[in-house]
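Naming convention: chains lettered A, B, ... in sequence-line order (proteins, then strands); numbering from 1 in each chain.
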Amino acid sequence: MRIAVVTDFEGGARLRELAADGTPTGPVRTVSDLAGVVADYRRHATGQPRWVWASTGEVYPPLVERSLRLGRCHDVGLVEALLLGYHGRLGEAHSLGAAWARLHGRPVPDDLRAPPGAGAEPPPALFEPDLSTLPPGVDRLDALVEVHADQQRRIAGLPEPGRFALLAAVESAGALAAVEMAHDGVPWRADVHDAILAEQLGPRPSNGARPPVLAELAARISAEFGREVNPDSPAQLLRAFAAIGHPVGSTRSWELRQVEHPVVPFVLRYKELSRLHSACGWAWLDTWVRHGRFRPDYVVGGVVSGRWATRGGGALQIPKTVRRAVRADPGWTLVSADAGQLEPRVLAAVSGDRALAAAAGSDDLYARLGTVFGGGGVSEEEARQRAKIGVLSAMYGQTSGDAAALLSTMRRAFPRAMEYVDTAARAGEEGRLVRSWLGRTCPPPSSRWRRLVSGGPGGEPDGDGGRAARERGRFTRNFVVQATAAEWALVFLAGVRRRLVARDTGRESARLVFFQHDELVLHVPEPLADDCVALLREAEEETRLLLFGDTEVRFPLDIAVVDCYADA
DNA sequence: GAAATTTGCCAC
DNA sequence: AAACGTGGCAAATTTC
């Protein structure tokens, strides 16, 4: 059963039960306490409904505030974006109002801008009512019911409706998880974080000045150069290196490392610590950690490949050194699960390459591939390393360095896998669309790209056109793998989440607290750790079967039960 | 003086 | 070794 719901933004709502195809099966119900009604369904209904709404970010947060967790939803906005994308219209407005307007041939309103990230402090009204995107006089619940039914029709009409329906379901489940994770937060010990900073940078400066260690390094660098240099300024560094007879093309660390001069170690150390200070220093701590929790603001579907993005806080780039501050509460533990070598395994599964699939049946795919790249007195580890570069080159389109030779080995040993990514690259170069396994679709080329590639007066692409074409080829080559890996992760996330919701008994329940591309972290009461490990294994199995059915490929999880995330 | 762009490094 | 995909973010720098 499905239930369409629109809220009145004061705790009440109007509801209507729907059949799977979106046809209303009952009257409109007006309720004053949506949370109470939802809780009733959780307790009494046989089979949990799928809640249909315009936007998860609009309806779900107040329910989570009231300690409610829902099993499933259909987020009309997210599904509209997926459907538009499928038809090469990624980036067009996808709100309920926009979908309704397209359905009725009316002018399509722009999407409202998401509220700017507000740090750890939730904004007073989490989401402004999105009423403005529907014309006056149009009933919001009627519009929702109508657009949802239309989406179900459009999905049913696709060549692979089952796959796309799964994509819509897990994208929506991801939206539920994102709201819950923003609510629960990653357990974060500000005192440990502060100690890490003090150890490396010296005591926190009072006025926001340079920390002592950075100030000393800056002074030392200026002394070595024999002039005043701000090491934060690439331009000044460039000039300073030229002035001492060591001109460099850029101030990137790898390039500076090649320079033999006593100033170099100081500059490198400065860069390292300066990054720590600016990206995850005291200012970050003040802004993003409250009451022992870091609450990232996830953007579901924020990346074209289907990976998530975040708004502020840099949750998806937490440096390894800082992860020491992520600690389970007393009596709790962290259970992390990481899908190792996910992308090559995905390539093996989608391409149907027998030899690659056989290698992907083992725990260390690259080691298994080593036999192909070894021989001639090459050590096992060396062969494994070559295999890794070969596979990554195939997926990323790398051609420089040793890649070319390794790629020809790849073509010989794994012809179908190579053909799969080569075909995607060709499609991209020719301006066509490519899709993930479940149907997420890459953006169409821009008009600028088309002009560039259709190129010069003779119609042949010139230098810029050729470069643009190859660039897009690398993008689509990678897209088919990265986007499918992202949906593997989403299906897995949804499976884990569903199991956690089924076990939810309130405060002492295991919680999902972090999701990063191919990795999940749960915060778990200690006695439940074993159960969570089993649950993760179950979800992995389910994910593989749902996506790829009968395949030799395995997706081994690296699971760690730890107090501190740095030990995972 | 605000907004946009560039640079460089972090994550997967 | 440094032209290999997706991103976020902060500080410097340039543009309006």
Grab the [atom1]-[atom2] distance between [X] and [N] for me, whole Å please.
X: A:K388; N: C:dG5; atom1: NZ; atom2: C1'; value: 15 Å
X: A:H277; N: B:dC10; atom1: NE2; atom2: P; value: 16 Å
X: A:N230; N: C:dA10; atom1: CG; atom2: P; value: 18 Å
X: A:W284; N: B:dA11; atom1: CH2; atom2: C1'; value: 14 Å
X: A:F479; N: C:dT6; atom1: CZ; atom2: C1'; value: 11 Å
X: A:R275; N: B:dT7; atom1: CZ; atom2: P; value: 17 Å
X: A:F515; N: C:dT6; atom1: CZ; atom2: P; value: 19 Å
X: A:D518; N: B:dA11; atom1: CG; atom2: C1'; value: 10 Å

_Sidechain N-carboxylate O distance under 4.0 Å for A:E272, A:R269_ =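 Looking at A:E272 and A:R269, the cut-off is met.
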Using a 4.0 Å heavy-atom cut-off, does [X] contact any base of the nucleic acid, only the sugar-phosphate backbone, or nothing at all?
X: A:Q482; answer: base
X: A:R474; answer: sugar-phosphate
X: A:A485; answer: nothing
X: A:S305; answer: nothing
X: A:L342; answer: nothing
X: A:S393; answer: nothing
X: A:R323; answer: sugar-phosphate
X: A:S253; answer: sugar-phosphate
X: A:V304; answer: sugar-phosphate
X: A:G302; answer: nothing

*According to a strict under-4.0 Å criterion, is A:K320 in side-chain N/O contact with OP1 or OP2 of B:dC10?*
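No, A:K320 has no side-chain N/O under 4.0 Å of OP1/OP2 on B:dC10.
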_N/O (side chain, A:T399) to phosphate O (OP1/OP2, C:dC4) under 4.0 Å_ =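 So the side chain of A:T399 is within the cut-off, an N or O lying under 4.0 Å from OP1 or OP2 of C:dC4.
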*Indicate whether any N or O donor in one side chain lies under 3.5 Å from an N or O acceptor in the other, for A:D364 and A:Q341.*
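Note: A:D364 and A:Q341 side chains meet the donor-acceptor criterion.
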*Quick one: does A:R252 reach the base of B:dC9 with a side-chain donor-acceptor pair under 3.5 Å?*
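Between B:dC9 and A:R252, which were checked side chain against base, a qualifying N/O pair under 3.5 Å is absent.
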Would you say [X] has more than 12 foreign heavy atoms packed within less than 6.0 Å of its [atom1]?
X: A:E260; atom1: CD; result: no
X: A:N230; atom1: CG; result: yes
X: A:R416; atom1: CZ; result: no

*Determine, using ring centers only, whether A:W437 and A:F548 are less than 6.0 Å apart.*
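Yes, close enough.
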[X] has a side chain; which of [options] sits nearest to it?
X: A:Y396; options: C:dC4, C:dT13, B:dC10; value: C:dC4
X: A:R307; options: C:dG5, C:dT13, B:dA11; value: C:dG5
X: A:S400; options: B:dC12, B:dG8, C:dC4; value: C:dC4
X: A:Q317; options: C:dG8, C:dG5, C:dA12; value: C:dG8

*For A:N478 and for A:T310, locate the closest nucleotide of DNA chain C by heavy-atom distance; then report the residue assigned to the nucleotide nearer the 5' terminus.*
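In this pair, the answer is A:N478.
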